[in-house]
Amino acid sequence: GAVVSQHPSWVICKSGTSVKIECRSLDFQATTMFWYRQFPKQSLMLMATSNEGSKATYEQGVEKDKFLINHASLTLSTLTVTSAHPEDSSFYICSAFLAGGNNEQFFGPGTRLTVL
Amino acid sequence: SQQGEEDPQALSIQEGENATMNCSYKTSINNLQWYRQNSGRGLVHLILIRSNEREKHSGRLRVTLDTSKKSSSLLITASRAADTASYFCATGNTGFQKLVFGTGTRLLVSP
């Protein structure tokens with residue numbers, strides 16, 4: 001099946017710093033990628049839809065200026081958490097949409113962010 | 001919130017027993033998918049059932065869909081300890097497949 005990677009797998013940072021998370025589709029091109037956030041023992045909540053070559057579409061309640069998304073190529077989307085605070089600590093998961101067939105999303109392994 | 005509900009929230013069974021998880025959703029859908037997530041890991045796609053299908057099988061998995069009741073069930077037969085994980089349903093619309101995830105069921109299978 002299609003493979004999606006995320007980097008880093010975990011990151012610890014100080015409050016006020018910015019953190020960039022990469023999501024790559026390794027063996028297919030994805031015009032659309034999605035970013036989710038998952039708090040402990042909770043479900044995935046969609047944060048934004050990342051579209052290659054255009055601005056991301058954010059879900060209600062998600063701050064655009066805080067969670068910067070860039071989808072500069074068909075295989076890479078990045079999420080930058082700016083001026084991170086402890087409440088931003090979470091598990092961030094991306095997925096890449098493979099058009100055609102079942103129109104499936106393939107999920108990355110996730111990135112654990114801890115903000116001290 | 002458009003998020004679906006799953007029940008039970010947690011399920012504890014013995015190896016060899018069957019596990020049934022239920023999912024209810026709120027809006028019209030194109031398809032419904034089930035995913036598994038091991039603790040602290042990404043999601044693994046298990047099975048997709050389209051809105052015009054009523055039942056689907058894959059190995060030890062059986063999924064049903066009742067669009068009139070806006071509900072789905074996932075049955076895992078002859079469970080194994082390795083099935084211990086969280087299971088999520090997710091509903092998809094047409095087009096770009098924006099998924100809405102259910103609240104999840106934490107399954108514990110004891111040897």
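Quick caveat, the model's predicted, so the values are computed rather than measured. A, B, ... follow the sequence lines: proteins, then strands. Residue 1 opens every chain.
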| field | A/I93/B/Q37 under side-chain contact (heavy atoms from CB on, under 4.5 Å): CA gap, chis, key distance, verdict | value | CA-CA 12 Å; A/I93 303 176; B/Q37 183 182 36; 3.8 Å; yes
| message | Taking side chain as everything from C-beta outward and backbone as N, CA, C, O, which of these in A/Q38 sits under 4.5 Å from a heavy atom of chain B? Side chain, backbone, both or neither. | response | side chain
| request: Answer with yes or no whether the hydrophobic clustering places A/F106 together with A/L74; edges join I, L, V, M, F, W, Y residues whose side-chain heavy atoms lie under 4.5 Å apart. | output: no
| Near A/H7 NE2, under 6.0 Å, is it more than 12 heavy atoms from other residues, nucleotides or ligands? | no
| field | Residue part contacting chain A, namely of B/E6, when any heavy atom lies under 4.5 Å | value | neither
| task | Measure the OG-OH distance between A/S95 and B/Y35 for me, rounded to the nearest 0.5 Å. | result | 7.5 Å
| task | Identify which of B/A90, B/G40, B/S39 forms the greatest number of heavy-atom pairs closer than 4.5 Å to chain A. | result | B/G40
| remark: Rounded to the nearest 0.5 angstrom, the NZ-CD distance for B/K98 and A/E59 is 3.5 Å
| field | Transitive ILVMFWY side-chain link A/L68 to A/L46, under 4.5 Å | value | no
| Atom NZ of A/K66 with >12 non-hydrogen neighbours under 6.0 angstrom | yes
| said: Tell me whether A/V11 shares a hydrophobic cluster with A/V81, the cluster being built from Ile, Leu, Val, Met, Phe, Trp, Tyr side chains joined at under 4.5 Å. | reply: yes
| task | Please name the residue in the list A/F97, A/F34, A/Y36 that meets the side chain to side chain contact (heavy atoms under 4.5 Å, CB included) test with B/L99. | result | A/Y36
| query | Taking atom CG of A/D65 as the centre, does the number of heavy atoms from other residues, nucleotides or ligands within less than 6.0 Å exceed 12? | reply | no
| Main-chain N/O of B/G102 paired with A/S43 side-chain donor or acceptor, under 3.5 Å | yes
